[in-house]
Amino acid sequence: DGTASMAYTGKVPWHGMGTKVDGLMTADAAIKAAGLDWEVRMDPVHAIHPDGTSANIPNRRAVTRSTDDRFLGLVSTGYKPIQNIDAFGFFDKIVDDGEAKYETAGSLSGGKRIWMTAKVGSDIMVAGEDPHDMYLLLVSSHDGTTALKVVTTMIRVVCANTETMAIRGAKTEWAINHRKTLDGRVLEARDALGLSFKYADAFNAEVEKMLQIQVSVDKFSQ
């Protein structure tokens, strides 16, 4: 309907769109603020013949948004839809350590892809004055194009480009395809959070080491 399906807290995204939220977002608050409080269903698929008759296609299903019957994707019968509330609720459990901050959430391509970012740990200060944030990013799809993923990134996702950059540059990743369920996988996925802290420590140590290297103006110009 022309409304940006996104919510954020803190710095306004470069495109200036979405719903600004004051303070931290829980999974439930993020779903509502980002306009993601809807579900999908699996509808049968039919082929229409030239004579007007139809035939069921048994091995395919249409993923449809329940609120407006919007078609999101064509998938196999083995596909298991992960509802937005379940994906975000699962993410909420992964980062439930008192340190996470939900900063952005939204959808792309009319609801075919969803995402949510949580800030974890403390700022990484380079040279004592240049802060870098560490995030966990959850992405999922309703069109069968990607698995549900949790990745470690230093990119705050606010659009399709930043999502792509975050996934391509991810240092750690946990994923589950849409033929499985999220039941009983919280501890498994929390390894991604543990690895993120290890990566943050390694990144900070490497940057501090680089700061000790003296480079002349002439050498820098080369």
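Sequential numbering from 1 along the given sequence is applied to the chain's residues.
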Participant: Any side-chain hydrogen bond (donor to acceptor under 3.5 Å, both in side chains) pairs touching residues 32-42, not counting sequence neighbours?
Facilitator: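 side-chain hydrogen bond (donor to acceptor under 3.5 Å, both in side chains) check on residues 32-42 returns D28-K32, R41-D43, R41-D69.
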Participant: Just by modelled atom types, is the A7 backbone N or O under 3.5 Å from a matching donor or acceptor in the T19 side chain?
Facilitator: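 No, the answer is negative, given that no donor and acceptor are paired below the 3.5 Å cut-off.
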Participant: Using a 3.5 Å distance criterion without hydrogens, assess whether the side chain of S141 forms a donor-acceptor pair with backbone atoms of T146.
Facilitator: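 Here the side-chain-to-backbone pair exists.
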Participant: With a 3.5 Å distance limit and no angle check, can you tell me whether K20 reaches the backbone of K11 through a side-chain donor-acceptor pair?
Facilitator: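 It does not hold such a pair.
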Participant: Restricting to side-chain hydrogen bond (donor to acceptor under 3.5 Å, both in side chains), what partner residues turn up for S54, sequence neighbours left out?
Facilitator: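 Per chain and number, S54 pairs via side-chain hydrogen bond (donor to acceptor under 3.5 Å, both in side chains) with no residue.
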Participant: Strictly distance-based, threshold 3.5 Å: is any side-chain N or O of E103 a donor or acceptor partner for the main-chain N or O of G10?
Facilitator: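 No, E103 side chain to G10 backbone: no donor-acceptor pair under 3.5 Å.
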Participant: Hey, does the side chain of T104 reach the backbone of V157 with a donor-acceptor pair shorter than 3.5 angstrom?
Facilitator: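 Such a contact is found between T104 side chain and V157 backbone.
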Participant: Using the ring pair (Phe, Tyr, Trp, His ring centres under 6.0 Å) rule, take F91 and W174 through it: C-alpha gap first, then chi angles, then the decisive distance, then the call.
Facilitator: CA-CA 12 Å; F91 197 39; W174 180 88; over 10 Å; no
Participant: Do the side chains of E163 and R113 get close enough for a salt bridge, i.e. N-O under 4.0 angstrom?
Facilitator: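 Between R113 and E163 there is a salt bridge, with a charged N closer than 4.0 Å to a carboxylate O.
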Participant: Report the distance from atom CD1 of I167 to atom CH2 of W115, rounding to the nearest 0.5 Å.
Facilitator: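 It is 11.5 Å, given to the nearest 0.5 Å.
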Participant: State, with a plain yes or no, whether a side-chain heavy atom of E173 is found less than 4.5 Å away from one of K149.
Facilitator: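 A side-chain contact exists here, since the closest heavy-atom pair is under 4.5 Å.
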Participant: Quick one: does any side-chain atom of T153 pair with a main-chain N or O of Y135 as donor and acceptor, under 3.5 Å?
Facilitator: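 A pair under 3.5 Å: no.
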Participant: With R60, which residues qualify under side-chain contact (heavy atoms from CB on, under 4.5 Å), at least two apart?
Facilitator: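 Checked R60 against side-chain contact (heavy atoms from CB on, under 4.5 Å); matches are V45, I57, L74, S76.
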